[in-house]
Amino acid sequence: MSLTVDEAGRALADPRVYADEGRLHDALALLRREAPVHRVADPPGYNPFWAITRHADVMEIERNHTIFRNAPRAILGTAEYDAMNRQRAEQGVALRTLVHMDDPDHRVVRAIGADWFRPKAMRALQDRVKELARRYVDRMVESGGACDFVQDIAVHYPLYVILSLLGLPESDFDRMLKLTQELFGGDDSDMRRGTTPEEQLNVLLDFIAYFQELTEARRAEPTDDLASAIANAQVDGRPLSDFDTVSYYVIIATAGHDTTSSTISGGLHALIEHPDQRGRLRADPALMPYAVDEMIRWVTPVKEFMRTATEDFDLRGVTIREGESVLLSYPSANRDEEVFDDPFGFDVGRDPNKHLAFGFGVHYCLGAALARMEVRAFFEELLPRLDSIELAGKPESTATTFVGGLKRLPVRYSLK
Ligand code: HEM
């Protein structure tokens with residue numbers, strides 16, 4: 001059945017479409033071809049936005065960050081969610097993480113955590129990450145040759161890495177996992193705690209309560225973890241407000257694992273579906289860094305971020321008016337025929353690979369080096385030990401317009 005451009009635009013505001021790759025990419029390909037800067041005027045339940053689907057246009061908007069600001073609409077939420085956020089901002093109780101901020105605040109606050117994610121800090125963390133990768137591949141062996149790779153393996157491993165970096169005790173990890181899934185799986189009936197904005201607010205309040213306690217502990221007794229660096233950071237000679245401190249934890253704890261676990265699951269799925277590429281990678285481990293970026297492009301776990309224009313801006317002959325919001329579609333940019341040869345082919349040696357899965361410009365993903373290291377460590381541990389692997393059931397994806405990927409990947413395998 002052929003789609004109209006308007007239907008394709010509205011599909012970008014339908015969480016269910018993201019759970020069906022074929023449907024999503026049909027809509028995106030149509031928009032890229034026929035209406036790359038497209039006004040979605042009446043998405044049911046959502047406020048209007050412009051859908052930006054070309055790689056070059058996503059970059060241009062992100063490059064013009066003084067015109068296109070993250071506040072007040074950083075991600076696509078329902079109209080009800082937007083209204084609640086506006087109200088909370090007016091009351092001064094809105095979550096304000098790095099992705100909700102603009103310069104000058106953004107630059108200052110980003111700098112607090114930046115050193116912890118530089119390659120030097122990453123090298124220090126490498127042994128711990130490798131040890132965790134081994135632990136989870138061992139767990140696959142212990143599962144006796146079959147498991148749901150997402151629920152049994154992929155959701156735990158990146159969480160352990162990021163919470164270790166923050167300095168949280170292992171006994172709290174499961175609680176964090178649940179809260180993160182409730183926060184990020186907000187559109188998906190399997191994941192969410194409830195359907196109303198109030199129930200979602202309660203998830204957020206639980207997060208806040210946990211991290212407020214952590215901040216107090218680290219202020220009273222600093223240690224050498226990232227949580228202490230955040231708790232004791234000074235901006236203009238003053239500590240961060242309680243709200244900004246909690247927001248920092250929330251972005252690190254949440255951005256750091258659903259994204260990476262989706263990449264690992266989707267990456268394994270791609271290797272199962274493309275045995276030639278799996279064989280190629282196994283035969284030539286030097287391809288691993290390219291394979292990692294190809295998995296990240298292939299999965300593109302972050303589906304969108306938004307920006308709001310602070311002045312009129314012309315893009316491809318279309319005027320985006322001051323106050324209007326744009327949705328940057330990363331899955332679309334990463335299948336753009338103008339940039340990628342054979343964009344729908346999975347190629348573990350793809351070079352160049354200028355994907356935008358980590359965004360671009362001043363908000364470029366802070367955890368990109370960590371994410372690459374985690375994905376690489378996992379497959380470097382898994383592949384040499386893997387004799388065979390196949391699907392043992394139907395994979396299923398999360399219904400979300402924001403961050404997601406597979407939520408079930410039943411597999412059967414033989415592993416040393
Ligand atoms: C921001 C993707 C893993 C922390 C972002 C953005 C994207 C992204 C698209 C927004 C960029 C923009 O607006 O231009 C991903 C993907 C990951 C991943 C695809 C895994 C494959 C991580 C990890 C961390 C992390 C492991 C570690 C804590 C952050 C933070 C920001 C961010 C703190 C906000 C940066 C800012 O606004 O200045 N990420 N991310 N991410 N990411 Fe990641």
Ring-ring centroid check His363 His106, cutoff 6.0 Å: yes
Full working for side-chain hydrogen bond (donor to acceptor under 3.5 Å, both in side chains) between Thr319 and Asp314: CA-CA 4 Å; Thr319 305; Asp314 288 332; 2.7 Å; yes
Those residues that, when tested against Ser265, pass side-chain hydrogen bond (donor to acceptor under 3.5 Å, both in side chains) (two or more places apart): none
Any donor-acceptor N/O pair, Glu311 side chain to Glu322 backbone, under 3.5 Å: no
From CA spacing to verdict: side-chain contact (heavy atoms from CB on, under 4.5 Å), Thr215, Arg219: CA-CA 6 Å; Thr215 303; Arg219 280 186 185 152; 3.6 Å; yes
Which residues share a salt bridge (Lys or Arg N to Asp or Glu O under 4.0 Å) with Arg96, sequence neighbours left out: Asp105, Asp244
Note, Leu287 side chain near Arg280 side chain (heavy atom, < 4.5 Å): yes
Presence of salt bridge, Arg54 and Glu338, under 4.0 angstrom: yes
More than 12 heavy atoms from other groups under 6.0 Å of CZ on Phe173: yes
pair Phe207-Thr254: side-chain heavy atoms closer than 4.5 Å: yes
Pair His274 and Trp298, ring centroids less than 6.0 Å apart: yes
Least distance between heavy atoms, Trp116 atom then Ala229 atom: NE1-CB, 3.5 Å
Pairs touching residues 17-26 that satisfy side-chain hydrogen bond (donor to acceptor under 3.5 Å, both in side chains), sequence neighbours left out: none
Pair Tyr210-Asp172, side-chain hydrogen bond (donor to acceptor under 3.5 Å, both in side chains): steps then yes or no: CA-CA 10 Å; Tyr210 178 88; Asp172 290 359; 2.5 Å; yes
Min side-chain heavy-atom separation Ser164-Arg128 under 4.5 Å: yes
Test item: Leu159 and Thr260 side chains (from C-beta on) under 4.5 Å apart, heavy atoms: no
Sub-4.5 Å side-chain heavy-atom contact between Arg278 and Leu383: yes
Heavy-atom neighbours of Glu170 CD exceed 12 at 6.0 Å: yes
Side-chain heavy-atom pair Val235, Ile112 within 4.5 angstrom cut-off: yes
Minimum heavy-atom distance Asn334-Ala357, with the two atoms named: ND2-N, 3.4 Å
CD (Glu221) with more than 12 external heavy atoms under 6.0 Å: no
Spacing of SG belonging to Cys365 relative to CG belonging to Leu370, to within rounding of 0.5 Å: 8.5 Å
CA sep, side-chain torsions, deciding dist, call: Arg350, Asp341, salt bridge (Lys or Arg N to Asp or Glu O under 4.0 Å): CA-CA 9 Å; Arg350 187 180 287 279; Asp341 293 335; over 6 Å; no
Note: Asp225-Arg218 ion pair, threshold 4.0 Å (strictly below): yes
Nearest atoms (heavy-atom pairs only) where Leu12 meets Ala51: CD1-CB, 3.8 Å
Polar side chain donor-acceptor pair, Ser228 to Thr223, under 3.5 angstrom: yes
Distance-only polar pair, side chains of Asp82 and Asn47, donor-acceptor under 3.5 Å: yes
Flag for Thr53-Ser329: side-chain donor and acceptor within less than 3.5 Å: no
Residues in side-chain hydrogen bond (donor to acceptor under 3.5 Å, both in side chains) contact with Glu34, at least two apart in sequence or another chain: none
Pairing of Arg238 and Asp236 as salt bridge, 4.0 angstrom limit: no
Validation row: Leu271, Val348 side chains within 4.5 angstrom (heavy atoms): yes
Heavy-atom pair with the smallest gap, counting every atom of Tyr248 and Val109: OH-O, 2.8 Å
Short side-chain to backbone donor-acceptor contact, Thr310 and Ile67, under 3.5 Å: yes
Whether Lys303 side chain and Thr300 backbone form a donor-acceptor pair below 3.5 Å: yes
Salt bridge Asp138-Arg135, side-chain N to carboxylate O under 4.0 Å: no
Gln151 side chain vs Arg408 backbone, donor-acceptor pair below 3.5 Å: no
Steps toward salt bridge (Lys or Arg N to Asp or Glu O under 4.0 Å) verdict (Glu62, Arg307): CA-CA 8 Å; Glu62 293 220 41; Arg307 302 291 189 262; 3.1 Å; yes
Criterion salt bridge (Lys or Arg N to Asp or Glu O under 4.0 Å) on Asp206 and Lys178, from CA distance to verdict: CA-CA 11 Å; Asp206 284 354; Lys178 189 159 185 296; over 6 Å; no
Evaluation steps, side-chain contact (heavy atoms from CB on, under 4.5 Å), between Asn70 and Met101: CA-CA 6 Å; Asn70 284 39; Met101 288 182 186; over 6 Å; no
Candidates His55, Arg33, Arg32 - the one meeting side chain to side chain donor-acceptor pair (under 3.5 Å) with Glu337: Arg32
Side-chain heavy atoms of Met295 within contact of Val375, under 4.5 Å: yes
With Phe379 via ring pair (Phe, Tyr, Trp, His ring centres under 6.0 Å) - residues at least two apart: none
ring-ring contact (aromatic ring centres under 6.0 Å, His included) contacts in which one or both residues fall within residues 60-82, not counting sequence neighbours: Phe68-Phe313
Any donor-acceptor N or O pair under 3.5 Å, side chains His100, Thr97: yes
Neighbour count above 12 (heavy atom, 6.0 Å) for Arg69 CZ: yes
Shortest non-hydrogen contact from Pro410 toward Lys394: CD-O, 3.8 Å
Within 45° cone and under 6.0 Å: Arg297 NZ/CZ vs Phe340 ring: yes
Atom of Val40, atom of Pro43 and distance for their closest heavy-atom approach: O-CD, 3.5 Å
Test log, rule salt bridge (Lys or Arg N to Asp or Glu O under 4.0 Å), inputs Arg10 and Asp42: CA-CA 8 Å; Arg10 280 195 296 273; Asp42 54 356; 3.4 Å; yes
Derivation of the ring-ring contact (aromatic ring centres under 6.0 Å, His included) call for Tyr157 and Phe378: CA-CA 9 Å; Tyr157 161 67; Phe378 187 80; 5.6 Å; yes
Stepwise side-chain contact (heavy atoms from CB on, under 4.5 Å) check, Arg385 with Arg134: CA-CA 11 Å; Arg385 296 171 60 181; Arg134 197 167 318 119; 4.2 Å; yes
